[in-house]
Amino acid sequence: MKIITSKIWEAYCRNNPYLKSFGIKVNEKPIELEAKVIYPAELVYDRKVFCQRDDETFQFLPPNKTKFFKPAEVQKIVVINFDDAIENPDDLKTFCEKLYTKCSDNGMTMTTQPDTWTRLSLPSEEIGKLELRMRDFKRQNVTIIIGVTKEKKPTVHDVLKYFEATLGIPTLHIHIDTAKHFINERGDAKTVKNVIRKLNPKCGGINFIVQLMEFYKANRIVPCSVKPVSEILFEETQFIAFEMIHEFAGPLFNQSQRTFDEEPTFVGCSYSLELATDLGGFNYLQEFNQYKLKNVKSKLEECLNHYNTAVGRFPKTVVVFRTGSEDELDRVREEIVHMKKALEDKNIKLIVLIVEKTSHFRIFPTGAQQNVISGTVIDDTITTPDFYQFYLVSQTVDKGTARPIKYTVAVNDPGWKFNVLYNLTYFLACGHQVSYQSPAVPNVVYAAENLAKRCRNNFLTHRKLGKLETTITRVLANYDDLNERKHDKELDGHMVDEISRVLNENALKRRNFWA
């Protein structure tokens, strides 16, 4: 640790002209303090097959022949072979057969044989025909469309995901190299497994659930002293996350040019349903870069109503992870006022944690290691004394230095003890349905980030396909009086609301978007 911190001090602090200009002195000696290391969750697959994390690799590797906790039922599959990425028709046939076998091996119910699957060759320059094709596939009750391409991130990818949202049919894009792992049955077995782990949630399944480790039970250790973890994770609580992507502050719509000069703010919202690893979600646009969630009351109600539909009742507690920073605490408290309005007639208690993913703190262990291990928690000394905070390292980093995530508790109505909060946060990070290691943030935060990115990509694709002009014309016709008076901000609001409606008109309710 001493060598690492000395290098950082020499490189960034010792002769830093900006620090010198303001008379800021930096002590070469780092802050030393004790940290906690908490145990991860245990993963549960079908037939109560338990999977614990390997202490050396920090990976969750289920035993061979393990089936998913809730295998999906797959009816019809369409494989679109873009630009003849799989050149040999026999190889395409083999790919379908091997995909069928791997899905069945993981417990998925395959109601149709691979020789009945639709195999379509489509040149990328004919991407305009994709909408009509996908509409037809939806009428045929196709479960999922798999697109195989020669390029890793072609235009086809964004168009597939755009129509997934606007038409309401799941898609999965894979590269030809990945398809070859199925065809040749050699190479990285994890690549094949990853495809199946993505495919199952997209078709409505759940790969695994998270629960209290048997280690805790055997040794009578209770990390959460308020109530059993299983009760919090599965029976009473809904977890919700909001993520925003900002680009520009000011009026978005140029009325004279009838175009968007800049990008709006994109919001992703993910939430748990009956199980903490069963996720729903949606995304939407906001007109101003004000770093404040718009219509948060109605958005929270949407999450609660889907939970009520799935479970048959409302949760007793809602835990909201809201990405941002400690500096936004006052703004978040304004949002909390509206959140509580959505909960007040349902007797639901609220917890809100601000998730700061860009913290400048770095945590180094004593000794020669560069990174602390996954599960490291610090909740004193370097935290702000005015409210409860903790730093949590959930991820395992092979290269570079792990960035700890800073969590600030903005409200804690049920009065959960702090060890409950950081244990649950870590357990949720273990709930990522595809990764073999826990990522840096809880699964709902990870999914919300993906939904925000998807929202932006869908907006850009909406514009590239020439559909944005149609939306603009419709809004201007409906709000002609605002256009004449040039009420920029109000018109912006109507614009982004209408675009959000169009982009999510047939969006899937259960959105386990892991890829």
Side-chain angles (χ1 to χ4, degrees), residues 40-45 68-70 72 197 200-202 204-212 224 227-243 267-283 293 296 299-323 339 342-343 346 348-353 355 394 407 413-414 416 420-435 438-452 507-514:
E42 184 174 58
L43 310 189
V44 184
Y45 287 80
F68 293 133
F69 178 83
K70 178 188 173 184
R197 285 165 76 110
N200 186 56
K202 283 177 174 289
I206 302 172
N207 294 350
F208 56 81
I209 61 174
V210 292
Q211 73 165 23
L212 187 67
C224 298
K227 46 180 73 173
V229 174
S230 59
E231 195 173 318
I232 295 173
L233 282 174
F234 306 124
E235 298 176 11
E236 298 181 336
T237 305
Q238 182 178 32
F239 301 96
I240 301 173
F242 287 97
E243 169 79 63
V267 184
C269 176
S270 179
Y271 51 86
S272 64
L273 295 168
E274 185 172 10
L275 300 170
T277 54
D278 185 15
L279 303 185
F282 53 87
N283 50 38
L293 291 171
V296 67
K299 302 305 179 185
L300 201 66
E301 287 173 339
E302 187 171 346
C303 302
L304 292 168
N305 289 335
H306 193 184
Y307 183 97
N308 184 38
T309 301
V311 183
R313 56 173 172 77
F314 289 108
K316 292 183 180 179
T317 306
V318 166
V319 179
V320 176
F321 294 94
R322 200 276 201 195
T323 60
M339 291 181 189
L343 308 178
K346 301 178 180 66
I348 300 174
K349 294 182 178 180
L350 178 66
I351 296 173
V352 177
L353 293 91
V355 184
S394 301
Y407 296 87
D413 287 343
W416 286 4
V420 176
L421 295 175
Y422 59 66
N423 271 280
L424 281 175
T425 301
Y426 189 36
F427 279 19
L428 291 173
C430 299
H432 190 291
Q433 294 288 282
V434 176
S435 176
S438 55
V441 293
N443 60 342
V444 284
V445 179
Y446 193 100
E449 180 181 347
N450 276 359
L451 284 165
L508 304 167
K509 289 294 183 182
R510 269 185 161 85
R511 286 196 167 196
N512 282 321
F513 281 146
W514 301 108

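Every value quoted in this text rests on a predicted model; they were computed, and no experiment measured them.
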Side chains of [X] and [Y], heavy atoms from C-beta outward: is any pair under 4.5 Å?
X	Y	result
I351	L421	yes
L428	V445	no
V441	F321	no
Y307	P315	yes
T277	N207	no
V352	M339	yes
N305	F314	yes
L304	I348	yes

For K349, does the NZ atom have more than 12 heavy-atom neighbours from other residues, nucleotides or ligands under 6.0 Å away?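 Open: at most 12 neighbouring heavy atoms sit under 6.0 Å from NZ of K349.
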Using the ring of each side chain (for Trp, its six-membered ring), is Y271 parallel, tilted or perpendicular to F282, with breaks at 30° and 60°?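 Answer is tilted, since the angle falls between 30° and 60°.
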Report the residues that fulfil side chain to side chain donor-acceptor pair (under 3.5 Å) with E302, sequence neighbours left out, ordered by chain and then residue number.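 Checked E302 against side chain to side chain donor-acceptor pair (under 3.5 Å); zero matches.
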My understanding is that only residues two or more places apart in sequence, or in another chain, count here; which of them pass side chain to side chain donor-acceptor pair (under 3.5 Å) with D413?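 Residues passing side chain to side chain donor-acceptor pair (under 3.5 Å) with D413: K340.
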Stepwise side-chain contact (heavy atoms from CB on, under 4.5 Å) test for C269 and I240: CA-CA 7 Å; C269 176; I240 301 173; 4.0 Å; yes
Shortest non-hydrogen contact between [X] and [Y], atoms and distance:
X	Y	value
L350	L343	CB-CD1, 3.7 Å
C430	A41	SG-N, 3.7 Å
Y407	A440	OH-O, 4.0 Å
N283	G268	CB-CA, 4.2 Å

From CA spacing to verdict: side-chain contact (heavy atoms from CB on, under 4.5 Å), S272, D278: CA-CA 6 Å; S272 64; D278 185 15; over 6 Å; no
Any side-chain to backbone donor/acceptor pair from [X] onto [Y]? Under 3.5 Å, distance only.
X	Y	value
E42	Q211	no
Q433	G431	yes
N443	A429	no
S438	S394	yes

Spacing of [X] atom [atom1] and [Y] atom [atom2] [to the nearest 0.5 Å]:
X	Y	atom1	atom2	result
C303	L273	SG	CG	9.5 Å
Q238	H306	CD	NE2	9.5 Å
N423	W416	CG	CH2	12.0 Å
N200	F68	CG	CZ	4.5 Å

After noting the C-alpha distance and the side-chain angles of V267 and K299, does the key distance pass the side-chain contact (heavy atoms from CB on, under 4.5 Å) rule? CA-CA 11 Å; V267 184; K299 302 305 179 185; over 6 Å; no
Residues that F208 engages under ring pair (Phe, Tyr, Trp, His ring centres under 6.0 Å), provided they are two or more places apart: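 With sequence neighbours excluded, F208 shows a ring pair (Phe, Tyr, Trp, His ring centres under 6.0 Å) to Y45, given in chain and number order.
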Who are the ring pair (Phe, Tyr, Trp, His ring centres under 6.0 Å) partners of Y426, not counting sequence neighbours?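 Residues passing ring pair (Phe, Tyr, Trp, His ring centres under 6.0 Å) with Y426: none at all.
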Which residues share a side chain to side chain contact (heavy atoms under 4.5 Å, CB included) with A448, sequence neighbours left out: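 A241, E243, S270.
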Which residues share a side chain to side chain contact (heavy atoms under 4.5 Å, CB included) with P439, sequence neighbours left out: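 Partners of P439 under the side chain to side chain contact (heavy atoms under 4.5 Å, CB included) test: H432, Y446.
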